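Okay, so here's the structure we're looking at.
Numbered from 1 within each chain, the chains take letters A, B, ... in sequence-line order. These numbers were taken from a predicted model, which means no experiment stands behind them.
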Number of protein chains: 2
Amino acid sequence: MIKVSITDDHYVVLKGIESLLKDEKHIRVISIHENGQDTLEAFEVEQPDILFLDINLPDINGIVLTKTITKSFPNVRVIALTNHEDVSFVKRILDNGAFGYLLKNAHKEELLQAIDTVSKGEKYLQKDIEKKILNQSLGRKEFSALQPKLTRRETEVLQAIYEQLTTQEISEKLFISPKTVEAHRMNIMSKLGAKNSVGIVKIAIQKQLL
Amino acid sequence: MIKVSITDDHYVVLKGIESLLKDEKHIRVISIHENGQDTLEAFEVEQPDILFLDINLPDINGIVLTKTITKSFPNVRVIALTNHEDVSFVKRILDNGAFGYLLKNAHKEELLQAIDTVSKGEKYLQKDIEKKILNQSLGRKEFSALQPKLTRRETEVLQAIYEQLTTQEISEKLFISPKTVEAHRMNIMSKLGAKNSVGIVKIAIQKQLL
DNA sequence: ATTTTTCTAAGGGTATTCCCTAAGTTTTCA
DNA sequence: TGAAAACTTAGGGAATACCCTTAGAAAAAT
């Protein structure tokens with residue numbers, strides 16, 4: 001008997017997965033949750049073998065939550081559920097301890113196969129995503145063409161730029177010199193391949209950094 | 001007996017709504033579809049009273065599809081399903097003939113109420129969206145707080161800004177003086193309520209002007 | 001414990017954007 | 001056809017962003 005939990009803020013998704021699984025005798029849905037907090041609290045009492053986890057939750061960032069869960073409850077295997085087909089995104093999630101990755105357009109067979117595969121301790125990726133990863137992994141790696149990694153500070157500056165703050169305002173907000181803010185902005189531009197602040201925001205949105 | 005169809009490329013959403021409705025005796029789900037094309041073809045044979053339509057479909061833009069359906073099959077009442085909480089978005093959909101608007105985190109009660117309300121011929125909006133629309137509609141109207149209308153030239157400049165071009169480069173691209181470009185940019189900022197070019201792009205993306 | 005990365009910040013420019021006012025021309029629409 | 005809206009241009013100045021280099025201190029990773 002495989003115990004499954006589901007966390008998704010879209011109620012219909014929650015009920016959809018539940019209804020798809022309820023005919024399976026070897027699978028039991030033990031709990032469903034609409035946010036990260038509830039999920040963590042419920043896990044204090046009983047942990048599932050597998051958690052279907054929506055990455056876009058209202059309260060906690062899904063990637064962070066994945067990390068938390070795999071650390072606090074190592075027996076729980078997380079299968080990420082999203083609409084992002086972005087390969088870099090998949091990578092980040094897997095790096096943070098997820099065992100599988102499913103798009104929300106997955107059909108019943110894929111859902112079941114994901115559960116079976118992951119419960120065996122193997123990683124499960126949806127077919128088309130697997131292909132994409134392979135294709136892109138064959139590109140150059142050193143240039144980090146995929147998901148540019150911003151540092152904590154850079155992320156803060158990025159956020160502030162997005163909020164239309166000026167360098168001066170950002171420096172006051174973060175208690176650092178304007179010159180430092182500029183340095184961060186230059187680094188962000190360089191990492192994202194942007195020509196100016198507009199490009200930073202444009203690309204950051206595209207790459208889901210915001 | 002109310003006949004319902006569902007169109008959503010996320011299979012779990014499809015099954016979720018279906019399972020939520022299957023206990024209701026006065027409602028019958030007559031068909032489910034994963035894309036716009038299938039939906040239109042199926043409607044040639046039989047039309048539902050109500051269609052739950054995901055606005056983000058792989059093949060056809062949901063807003064356009066709403067328009068098509070309400071024209072070709074005027075008996076079908078469309079309830080839009082999305083994650084967008086953007087008020088301007090809601091307006092656009094309703095303007096194109098939709099009878100209701102639900103976020104995907106809607107619970108069973110809301111789903112049923114939406115069906116009942118819409119089948120009576122009334123419009124149904126989810127509570128929190130209704131509030132937002134009211135709030136924003138009470139603002140100044142002459143300034144077109146909702147969907148700011150940009151002129152043809154302003155749209156071109158907006159596009160160029162989005163492409164990270166400088167004022168100089170834009171002027172060369174459009175064969176106008178840099179000063180004119182600046183004038184347009186100022187007008188765009190004013191219309192969108194942006195503080196700078198970053199804001200222009202940010203808001204333009206939010207309001208789907210790009 | 002040591003290397004690497006990140007964070008910090010400065011000087012010294014240049015380029016660009018932002019903001020105001022003003023006004024002639026063209027297009028659109030009632 | 002006349003009025004309104006949109007498009008065009010401009011001057012001038014303040015503010016901000018961009019770009020380069022350099023470099024010490026702090027934090028993180030190995």
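Among the protein residues, B:Thr166 comes within range of the sugar-phosphate backbone only, with heavy atoms under 4.0 Å from sugar or phosphate atoms but none that close to a base. Heavy atoms of B:Asn196 sit under 4.0 angstrom from primed sugar atoms or phosphate atoms, though from no base atom. Among the atoms of the strands shown, only primed sugar atoms or phosphate atoms (P, OP1, OP2) are found under 4.0 Å from some heavy atom of A:Ser177.
D:dG12 atom P lies 10 Å from atom NZ of B:Lys179, rounded to whole Å. Atom-to-atom, NZ of A:Lys195 to C1' of C:dA15 comes out at 13 Å; the value is rounded to the nearest Å. Distance CD1 (B:Ile176) to P (D:dA10): 11 Å, rounded to an integer number of Å. Atom CD of B:Gln164 and atom C1' of D:dA17 are 14 Å apart (whole Å). Residue B:Glu182 contributes atom CD, which lies 11 Å from atom P of C:dT16 at whole-angstrom precision. Taking atom CD of residue B:Gln168 and atom P of nucleotide D:dT9, one finds them 13 Å apart after rounding to whole Å. Distance, A:Lys149 NZ to C:dT5 P: 13 Å, rounded to whole Å. Taking atom CD1 of A:Ile200 as the reference point, atom P of C:dT17 lies 14 Å away to the nearest angstrom.
Among C:dC7, D:dC7, D:dC19, the nucleotide with an atom closest to any side-chain atom of A:Met189 is D:dC19. Closest approach to the A:Arg185 side chain among D:dA17, C:dC18, C:dA9 is made by D:dA17 (side chain taken as heavy atoms from C-beta onward). Side-chain proximity of B:His184 to the nucleotides C:dC19, C:dA10, D:dC7 is greatest for D:dC7. Residue A:Arg153 places its side chain closer to C:dT8 than to any other of C:dC18, D:dC19, C:dT8. Candidate nucleotides C:dA9, C:dC7, C:dC18 were compared by shortest atom distance to the side chain of A:Ala183, and C:dA9 ranks first. Of the candidate nucleotides C:dC19, D:dC18, C:dT8, C:dC19 has the atom lying nearest to any side-chain atom of B:Met186. Of the candidate nucleotides C:dC19, D:dC19, C:dC7, C:dC7 has the atom lying nearest to any side-chain atom of A:Thr151.
A cation-pi arrangement is present between A:Lys202 and B:Tyr162 under the rule of less than 6.0 angstrom and at most 45 degrees off the ring axis.
Checking each of B:Asp38, B:Asn35, B:Thr39 against B:Thr7 for a side-chain hydrogen bond (donor to acceptor under 3.5 Å, both in side chains) leaves exactly one that passes, namely B:Thr39.
B:Gln164 places a side-chain N or O within 3.5 Å of a backbone atom of A:Lys195 that can act as its donor or acceptor partner. In this structure a side-chain-to-backbone donor-acceptor pair under 3.5 Å is missing from B:Glu182 to B:Lys179.
When side chains are defined from C-beta on, B:Asp8 does not count as touching B:His33, because their heavy atoms never get closer than 4.5 Å.
Phosphate proximity of C:dT17 to B:Thr167: present, with a side-chain N or O under 4.0 Å from OP1 or OP2. Here A:Thr180 reaches the OP1 or OP2 of C:dA9: one of its side-chain N or O atoms lies under 4.0 Å away. At least one side-chain nitrogen or oxygen of B:Ser197 sits closer than 4.0 Å to the OP1 or OP2 atom of C:dC18.
A side-chain donor-acceptor contact under 3.5 Å links A:Thr167 and A:Arg185.
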